[in-house]
Every structure is written in C-alpha cells, then in structure tokens.
Amino acid sequence: EKDSFPASQFSSTAWRTVSTQQKRGRKHKLLQFGFLSDHGRKNLPGVLISEIGVGVNHLDLKLISSFGVKVTNTPHAVSDSTADIGHGINAGICQKTNTTHFAVDWLGVEVTRATLGIIGMGSIGYQVAKRAKAFHMNILYHNRNQEEEKEVGATYCKNMEDLLQQSDFVMLVVNLTPETQKLIGKRQLELMKPTATLINICRGAVVDQDALVDALQKGTIRAAALDVTYPEPLPRDHLLLKLKNVIITPHIGTATVQALRMMTEEAIENILAVLNDLPIPSEVIHK
Ligand SMILES: O=C(O)C(=O)CO
C-alpha cells in the first residue's frame, strides 16, 4: 500500500522507518518513533503517536498531551482476533487425571450452557459475548453498560463480586489503567468458584500474579488461561510456567494476518486524518 501513503508529507526518516519495519513484519514501535523524532526537524502539520493496537498503557498520555502531541489507536481492528484467542486458550485447558482409560485421562470442562463473566464490555468484550452466545452460554458482564447487551443476551452485573461468584469462566478484557491494576487479587480469586477458570486477554498487570499462582496451587480456582502476563515474556523459572492448570500464550491476541492488516489500515486512517486536519477516527484523549 505504499502508494496510498501521502509519502510527500512524511520525512525521509519516517518513511524509511516504515518501509524497513514492513519488510521485517514489525511495524509499530518504530512507526511511532519515526513521527515523534521527525517532528522538531520537519515541522509536520500534525504530530501524533499512532498506536497499532488498542492498549496505550505504555504511553504517558499526560506528558504526551502536554506537548500537544495526539495519540490514536486501532480499537476496531483488534476485536475479532482477540476475542478468538480468548475462547481458544480457554478451550485448551484440560485436567490430567490418572486413569487407565485414555478418553477420561484429559478432562476438559464444557463451555456450552456454562456461565461466562466478561469484565470489560468494550468492543473486544462484545465480540467475546457474540462468540459465547453461539455456545449457548449464560453471559454476565461488568463495567460499561452496553446497548447491544440484548443482542447477545448478556446480563449486566453492577457489582463485579456478583459476576465473580456466579461465573464458570471469567474473561478479563479491560484497559490497563491505575484503576484496573491488580483488579483481580486474592479476594476476587477467593470469590470465584473452585471450578472456575480465569482467562486474561488484556494486560498481565490487571491480575495480581502472586495471588493467582497461590490460588492455582491451592485449588481456589480450577485453572487460568493467559495471553498476557507481566513481565512478557515470563522468566523461564516463573512458577506460572510450571503449573499444570495454566495455559500461557505469548500475547498473540492480534497476531493474525487479518488483524495486522486491519490495524495498519486503521492506523493509517488516523495518520491521514491528523495530517489533513480531518476528524480523527480513533483519538485517545487524556482525561
Ligand atoms: O491491541 C493491543 O493492545 C494489543 O495488546 C495487541 O496485541
């Protein structure tokens, strides 16, 4: 899509950075830095950090906005693939039993007609709910009252505690902010059913990892399926990597051909809007 970039508006450094990154299949970090570092020298009409992805917890929004720099992200492009991995890693959790009969040696738990609690009903949460509906799941959700809840038959839980107590599967899909840091700790894990599974597809720091290890070792909850941890990757000797009731994938929620393409397109739309002084599709506003 090189030709669809208004390359004349980019400095040569930014352009070279984008091209090199594309060749290597790694786009986003240098794309951001390219724009930032060129700002002073080239006096671009608009300056932004164009995040390819939805999470912006690694950016100091207050500091960035104090320089008059805008931040955009790609919330629409990430939803499907991230919702897919949420259901996928959950499906992978089995309990090893020691019978002589192979068929019951690896026992899973059916999601069909089970209760799913979604914490964070944004656009990814909504896609999770749509998939859950196809499995006839009873869907609860907390945080952000969604207008489309009727469409997926989800029930709003004002208190997160109620959701934790009732769910067989708890899926975390919130943004990482100071308010959601360690949102799930010892107390919340103890509220969950001993047969429940925790699935985290948002950010590792939303869970108190030490409390999670403890809960998994003691059987406070049945299992965890994590696409995100802190740090990433975990050190090789981390306890989470040793537990049998945990599945960990290396933060690959958006690592699909389609998602990468859509994220890049969404990011480009943001960049073009800023450069052309048009309404910005997905600006992240510092509150
Ligand atoms: O979009 C995001 O925030 C991601 O974590 C991408 O994997």
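Hydrogens, waters and symmetry mates are skipped; everything else that's a heavy atom, side chains included, is used. Numbering of ligands and ligand atoms starts at 1, following listing order.
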**Q** Salt bridge or not for Lys186 and Asp208, using N-O below 4.0 Å?
**A**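 A salt bridge is absent here (no side-chain N lies under 4.0 Å from a carboxylate O).
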**Q** Please tell me whether Ser123 and Ser79 have a donor and an acceptor in their side chains that are separated by less than 3.5 angstrom.
**A**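 Yes.
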**Q** Testing the 3.5 Å rule here: is there a donor-acceptor pair between the side chains of Tyr126 and Glu151?
**A**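 There is such a pair (donor and acceptor under 3.5 Å, judged by atom type) between the side chains of Tyr126 and Glu151.
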**Q** Do we see a donor-acceptor contact under 3.5 Å between the side chains of Thr197 and Arg222?
**A**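 The answer is yes; a qualifying pair exists.
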**Q** So, Arg187 and Glu161, do they make that salt bridge, N to O below 4.0 Å?
**A**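 Salt bridge flag = yes for Glu161 with Arg187.
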**Q** Select all protein residues for which some heavy-atom-to-ligand 1 distance is less than 4.0 Å, and list them by chain and number.
**A**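 Protein residues near ligand 1 are Gly53, Val54, Gly55, Val78, Arg203, His251, Thr254.
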**Q** Taking NZ, NE, NH1 and NH2 as the nitrogens, is one of them in Asp80 or Arg131 under 4.0 Å from a carboxylate oxygen of the other?
**A**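 Yes, Asp80 and Arg131 are salt-bridged.
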